[in-house]
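Source: prediction; values computed, not measured.
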Amino acid sequence: MGQKVNPLSMRLGIIEGWKGNWFADKKQFKELLKEDVCIRKYLTERFPRGTISKIDIEKIKDKLIIKIHTTRPGVILGRKGSEIDMVRDELYGVFNKQISLDVFEVNPPGQSAQFLADSIAMQLEKRMPHRQAIKKAMALSLQSGALGIKVRISGRIGGREISRSEQYMEGKVPLHTLRARIDYAVSTAFSRSGTVGLKVWVYLGEVLEEKQKEKNDAVDAKKS
């Protein structure tokens, strides 16, 4: 089952939360969902590719709280916050709601599946050999502390006439283990011969192990 289902949706309510936190009745649901889609589309097109890793949206009455997770916070904020203020004003003009924008840095970037997928896609668009681009991204991820990474590439790889799929993996990626934190992302490379799809899974460890470490650290601190 873990091989077939999106790893983020499979872990909802266990170790993962929703990317959109709000409640609506049947009449409002369609418009609020469309609002979410427009915000995500606007932000991903507004900033350079590979900048945004994740967007979380919360809605409280007429207030929008948008949390942007990025590997390059300086690009999002701009000089003295000018860029983020401009984005806030543009969103207010479209939705006419109070906008709150929070920027969180993803560090190290090698633990972000979206960053790795976009970086591979951009290198493929520059006609870099796909194996070289994938191996480079996998090495960066493992150096950043990830315990495993899997990359799947599909399409007319290298300009071949017949499309095919290739898969590369290093370390371990336990997709069936619900307590395992798996960061998952997709991206598309637009090459001369056509589009090439990319899927990236990054294994960041088990949640129970992290809680146990925190408890052990707290006990050691009390003893000392």
With a 4.5 Å cut-off on side-chain heavy atoms, are I52 and F47 touching? yes

Is the closest side-chain heavy-atom distance between L140 and L116 below 4.5 Å? yes

Tell me whether the rings of W22 and F29 are parallel (<30°), tilted (30 to 60°) or perpendicular (>60°). tilted

Nearest-0.5 Å distance that lies between atom CG in D102 and atom CD1 in I66: 9.5 Å

If you draw a 6.0 Å radius around NZ in K97, do more than 12 non-hydrogen atoms from other residues or ligands fall strictly inside? yes

From CZ (F115) to CG (D183), nearest 0.5 Å: 12.5 Å

With a 4.5 Å limit on heavy-atom distance, are the side chains of F95 and I39 in contact? yes

Ignoring hydrogens and geometry, is there a side-chain-to-backbone donor-acceptor pair from R181 to E16 under 3.5 Å? no

I need the L142 CG to Q111 CD distance, nearest 0.5 Å. 10.5 Å

With hydrophobic residues grouped by side-chain heavy-atom distances under 4.5 Å, do M86 and V94 end up in a single group? no

Quick check: is V5 connected to I15 through a chain of hydrophobic side chains (ILVMFWY, heavy atoms under 4.5 Å apart)? yes

Starting at OG of S100, measure out to CD1 of I65 and round the result to the nearest 0.5 Å. 5.5 Å

Would you say that V173 contacts L147 through its side chain, given a criterion of any heavy-atom pair below 4.5 Å between the two side chains? no

Indicate yes or no: at least one non-hydrogen side-chain atom of K67 is less than 4.5 angstrom from one of E58. yes

Quick one, R49 with E125, criterion salt bridge (charged side-chain N to carboxylate O under 4.0 Å, His left out). Give me CA distance, side-chain angles, the key distance, then yes/no. CA-CA 12 Å; R49 190 175 184 181; E125 291 174 353; 2.9 Å; yes

Output for pair (Y92 OH, I99 CD1), nearest 0.5 Å, gives 9.0 Å

Any chance you could lay out the side chain to side chain contact (heavy atoms under 4.5 Å, CB included) test for L12 and W18, step after step, and finish with the verdict? CA-CA 7 Å; L12 279 175; W18 293 93; 3.6 Å; yes

Are any non-hydrogen side-chain atoms of I153 and H130 less than 4.5 angstrom apart? yes

Please determine whether residues M122 and M128 belong to a single hydrophobic cluster, defined as Ile, Leu, Val, Met, Phe, Trp and Tyr linked transitively by side-chain heavy-atom distances below 4.5 Å. no

Distance-only, no hydrogens or angles: does the S141 side chain make a donor-acceptor pair with backbone N or O of G110 under 3.5 Å? yes

Residues P174 and R11: closest non-hydrogen pair is O-NH2, 3.6 Å

Give a yes-or-no answer on whether the side chains of S193 and R160 include a donor-acceptor pair shorter than 3.5 Å. no

Is it true that E90 and R88 make a salt bridge, defined as a side-chain N closer than 4.0 Å to a carboxylate O? no

Give me the atom names and distance for the closest heavy-atom approach of A117 to L198. O-CD1, 3.7 Å

Check this for me: D62, atom CG, are more than 12 non-hydrogen atoms of other residues, nucleotides or ligands nearer than 6.0 Å? no

If only side-chain N and O atoms count, and only distance matters, is there a donor-acceptor pair under 3.5 Å linking Y168 with E166? yes

Would you name the heavy atoms of V196 and S191 that are closest together and state the gap between them? CG2-OG, 4.2 Å

Tell me, with the steps shown, if V87 and D85 meet side chain to side chain contact (heavy atoms under 4.5 Å, CB included). CA-CA 5 Å; V87 171; D85 291 338; over 6 Å; no

If we only count heavy atoms from C-beta on, is the M138 to V151 side-chain gap below 4.5 Å? yes

Going by salt bridge (Lys or Arg N to Asp or Glu O under 4.0 Å), D36 matches just one of K59, K19, K30. Which one? K59

Testing S144, S53, S119 one by one against S112 for a side chain to side chain donor-acceptor pair (under 3.5 Å), which residue passes? S53

Looking only at heavy atoms, what is the nearest atom pair of L124 and A189, with distance? CB-CB, 4.0 Å

Output the distance between atom OG1 (T51) and atom CG (D118), rounded to the nearest 0.5 Å. 8.5 Å

Do Q132 and Q123 make a side-chain contact, defined as non-hydrogen atoms from C-beta onward lying under 4.5 Å apart? no

Does the pair Y203 and I149 meet the rule for a side chain to side chain contact (heavy atoms under 4.5 Å, CB included), with working shown? CA-CA 6 Å; Y203 174 44; I149 179 173; over 6 Å; no

Heavy atoms only: give me the nearest I182-L8 pair and the separation to one decimal. O-CD2, 3.3 Å

Minimum heavy-atom distance between N6 and S9, given as atom pair plus value: O-OG, 3.0 Å

Test your reading of the model: is there a side-chain donor-acceptor pair from R40 to the backbone of I55, 3.5 Å cut-off? yes

Run the side chain to side chain contact (heavy atoms under 4.5 Å, CB included) check on L175 and K150 step by step: do they pass? CA-CA 11 Å; L175 297 180; K150 182 168 74 169; 3.6 Å; yes

Honestly curious: do L64 and L33 fall in one hydrophobic cluster under the side-chain, below-4.5 Å linking rule? no

Please answer whether the main-chain N or O of A180 pairs with a side-chain N or O of T177 as donor and acceptor at a distance below 3.5 Å. no

In one Ile/Leu/Val/Met/Phe/Trp/Tyr side-chain cluster, 4.5 Å: F104, V106: no

State whether E83 and R46 are salt-bridged, where the test is any N-O pair (Lys NZ or Arg NE/NH1/NH2 against Asp/Glu carboxylate O) under 4.0 Å. yes

